[in-house]
Protein chains: 2
Amino acid sequence: MFFGEYVYKLDDKGRVPLPPKFRRDMREAVVLTKGPEKCIRAYPLAEWKRLADELASKALTSASQRKLNRAIFGTAFAAAFDKQGRIGLPLPLRLHAEIGDSIVVVGVNQSVELWNEDLWKSERASSEEQAEQIQEGMGGS
Amino acid sequence: MFFGEYVYKLDDKGRVPLPPKFRRDMREAVVLTKGPEKCIRAYPLAEWKRLADELASKALTSASQRKLNRAIFGTAFAAAFDKQGRIGLPLPLRLHAEIGDSIVVVGVNQSVELWNEDLWKSERASSEEQAEQIQEGMGGS
DNA sequence: AGGCTTGTGGGGAAAAGTGGGGAGAAAGGG
DNA sequence: CCCTTTCTCCCCACTTTTCCCCACAAGCCT
């Protein structure tokens with residue numbers, strides 16, 4: 001399970017370190033994909049396979065599912081940690097997430113998201129707002 | 001169940017001791033989050049998981065579910081007790097709660113809140129005022 | 001009064017973040 | 001076809017931060 005928010009710098013070669021806790025759960029095998037929003041999603045290999053199986057079981061049923069498959073698998077990249085615990089971010093993904101020289105790593109339960117710092121701030125703000133509304137609906141404190 | 005109000009000092013490394021009674025209920029596994037108000041919330045791991053599940057089950061669409069996950073997991077930090085019963089407070093959380101060198105630990109039923117001393121005084125004042133009104137409505141005391 | 005528990009402080013070791021250099025592979029031009 | 005140039009990937013080293021352990025002082029209970 002991943003959680004927490006960490007800010008790192010990309011060096012001029014496009015490498016990012018991940019928090020040590022994350023590395024331990026991602027035994028040197030990571031799959032990077034375009035996130036639904038403007039971010040990069042990183043899955044541990046096992047979790048990625050699980051998602052892939054889930055998709056594959058539905059792939060034959062509809063044309064839209066096939067398109068979905070292409071969108072997901074076609075834009076996915078494998079990445080490995082170097083000896084310092086960093087991964088290189090492919091340029092297409094960096095462009096998609098508009099990531100410059102600073103980056104935010106966010107743990108989101110089963111996966112990890114990589115954000116442009118400013119985009120993340122606004123996304124977090126709206127996310128927290130929504131969470132509050134739901135909490136009030138629960139009567140929870 | 002947590003209750004009571006305790007004042008401690010942060011050392012220059014950002015560590016806080018928790019009351020011994022609290023430690024026993026939080027068997028060395030704590031999750032720290034940004035509170036809705038300007039404070040830090042600490043949950044026992046089990047309690048935090050329960051809340052996370054409860055919230056996640058409320059989400060309607062997959063998009064709102066993603067936002068919710070970001071709000072829940074992105075703002076959470078894991079913390080462990082050292083041999084002296086202290087936990088280290090991550091810098092982002094300290095900034096959020098405006099915590100300087102003195103800190104107030106407040107037990108709030110299922111969770112524990114960590115406050116800036118001055119902010120807590122005003123929060124307590126308004127809390128008590130509101131509590132009085134509610135109690136009068138109950139014909140209480 | 002004594003011993004135990006608790007709050008507070010400091011020091012040392014280990015790990016993590018950041019930056020730079022070198023070797024290998026791929027691509028393009030002669 | 002070969003050489004050159006460029007790009008990418010991997011390894012190494014340094015600095016900073018974090019974590020953990022030890023030790024002292026004060027308060028409480030017995």
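What you see is a predicted model, and the numbers here were worked out from it, not measured in a lab. Here is the naming used below: chain letters follow the sequence lines, and residue numbers restart at 1 for every chain.
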(message) Can you tell me whether the side chain of A:R86 and the base of C:dG19 have a donor-acceptor pair closer than 3.5 Å?
(response) yes

(request) Kindly say whether A:K121 contributes a backbone atom to a donor-acceptor pair with the side chain of A:D118 at under 3.5 angstrom? (result) no

(request) Nearest whole angstrom, please: distance from the C1' of C:dT6 to the CZ of B:R24. (result) 11 Å

(request) Give a yes/no answer on whether the side chain of B:K9 brings an N or O atom under 4.0 Å of OP1 or OP2 in C:dG7. (result) no

(request) Measure from CG on A:D101 to C1' on C:dG19 and round the result to the nearest Å. (result) 14 Å

(request) Return the value, rounded to whole Å, for the distance between atom CG of B:D82 and atom P of C:dT8. (result) 13 Å

(request) For A:D12 and C:dG19, give me the distance from atom CG to atom C1', rounded to whole Å. (result) 8 Å

(request) Using whole Å, report how far CD of B:Q84 lies from C1' of C:dG9. (result) 10 Å

(message) Quick check: closest heavy atoms across B:G100 and B:L10, and the distance to 0.1 Å?
(response) O-CD2, 3.8 Å

(message) Output the rounded distance in Å from NZ (B:K83) to P (D:dA23).
(response) 11 Å

(message) Please pick, from C:dG19, D:dC20, C:dG7, the nucleotide with the shortest atom-to-atom distance to any side-chain atom of B:R15.
(response) D:dC20

(message) Quick check: A:F3 with B:F77 (ring centres under 6.0 Å apart)?
(response) no

(request) Can you label the angle between the A:F22 ring and the A:Y6 ring as parallel, tilted or perpendicular, going by 30° and 60°? (result) perpendicular

(request) Starting from P on C:dT5, measure out to CZ on B:F22 and report it in whole angstrom. (result) 20 Å

(request) Taking only Lys NZ, Arg NE, NH1 and NH2, and the carboxylate oxygens of Asp or Glu, determine whether B:R70 and A:E37 approach each other closer than 4.0 Å. (result) yes

(message) Heavy-atom nearest nucleotide on DNA chain C for A:D11 versus B:P17: which residue maps closer to 5'?
(response) B:P17

(request) Look at the side chain of B:Y8 and decide which nucleotide, out of D:dC21, C:dT8, D:dC10, has an atom nearest to it. (result) C:dT8

(request) Using atom CZ of A:F81 as one end and atom C1' of D:dC11 as the other, report the distance to the nearest whole Å. (result) 17 Å

(request) Would you kindly check whether a donor in the side chain of B:R23 faces an acceptor in the base of C:dG7, or vice versa, at under 3.5 angstrom? (result) no

